[in-house]
Amino acid sequence: GNVTFQNAVTAASTTNGAANQRTFTITAAIGSITVNAASAINLTPSSTTGNNTRPGVNVIFTAGTSISIGSAITTTGNVAGGAVGGDGGDITLTAGTNVTITAAINANGSNDGSATDDGGDGGNISITGPTGIAITASITSNGGNGPGFFDNGGNGGLFTISDGAIMPGG
């Protein structure tokens, strides 16, 4: 069947030390997935106290037919206290037919938590739509800042946009 998001989805609040990578998976094997305009999906983990890095939640949407993103999806990492920036969660959208994106997709790494740590890496973003992919909004996967003199900024994530076809000879 079809899966339609009518309301906002947010990451559960976490306590100190809860830095495990989590994944939000939706599969509509014979239907479509629709994220309506009022139903933003923000899976940036909450920041509490302590020195903890929190990666953004991975998102995996798989639909037998189409995927339509009409509200923002955010999987940016987070950090509390003096720690390395959290990595952005990966976002994978795989449709059996087409993918339409009319709202922002963000998988950014967070900035470091102090002046002595590195920024988090951006999450990887993969979009597959065999009959077409239409993107009219921004898609970002930037690394976070590591502003100290010896600190590194995080790396940007990898982007893959594909029609899913197998290349001749491959």
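This is a predicted model, so every value here is computed, not measured. In what follows, every heavy atom counts, from backbone to side chain, and hydrogens, waters and symmetry copies are set aside. Position 1 is the first residue of the sequence, and the numbers go up from there.
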Side chain to side chain contact (heavy atoms under 4.5 Å, CB included) between N36 and T4, intermediate numbers included: CA-CA 7 Å; N36 285 332; T4 301; 3.3 Å; yes
Look at the side chain of [X] and the backbone N and O of [Y], then say whether any donor-acceptor pair between them is shorter than 3.5 Å.
{"X": "S110", "Y": "G86", "value": "yes"}
{"X": "N98", "Y": "T131", "value": "no"}
{"X": "N78", "Y": "R54", "value": "no"}
{"X": "D121", "Y": "D87", "value": "no"}

Please give me the minimum heavy-atom distance between [X] and [Y], naming the atom from each residue.
{"X": "I161", "Y": "I135", "result": "CD1-CD1, 4.0 Å"}
{"X": "I125", "Y": "S141", "result": "CD1-CB, 4.0 Å"}
{"X": "P130", "Y": "A95", "result": "CD-O, 3.0 Å"}
{"X": "T65", "Y": "I30", "result": "CG2-O, 4.2 Å"}
{"X": "F24", "Y": "V57", "result": "N-CG1, 3.8 Å"}
{"X": "A28", "Y": "S32", "result": "CB-O, 3.7 Å"}

Compare all side-chain heavy atoms of [X] with those of [Y] and state whether any distance is below 4.5 angstrom.
{"X": "V3", "Y": "F61", "result": "no"}
{"X": "I139", "Y": "I91", "result": "no"}
{"X": "V9", "Y": "L43", "result": "yes"}

Looking at [atom1] of [X] and [atom2] of [Y], how far apart are the two atoms once the value is rounded to the nearest 0.5 Å?
{"X": "I101", "Y": "I67", "atom1": "CD1", "atom2": "CD1", "result": "8.5 Å"}
{"X": "L93", "Y": "I33", "atom1": "CG", "atom2": "CD1", "result": "8.0 Å"}
{"X": "N108", "Y": "T44", "atom1": "CG", "atom2": "OG1", "result": "9.0 Å"}
{"X": "I105", "Y": "I73", "atom1": "CD1", "atom2": "CD1", "result": "5.0 Å"}

Shared hydrophobic cluster, L158 / I127 (ILVMFWY, side-chain heavy atoms < 4.5 Å):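 L158 does not cluster with I127.
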Do I60 and I41 sit in the same hydrophobic cluster, where Ile, Leu, Val, Met, Phe, Trp and Tyr count as joined when their side-chain heavy atoms come under 4.5 Å apart?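 Different hydrophobic clusters.
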Distance only, no hydrogens: is a donor on one side chain within 3.5 Å (strictly under) of an acceptor on the other, for T140 and N106?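 Looking only at side-chain atoms, N106 and T140 do form a donor-acceptor pair, the distance falling under 3.5 Å.
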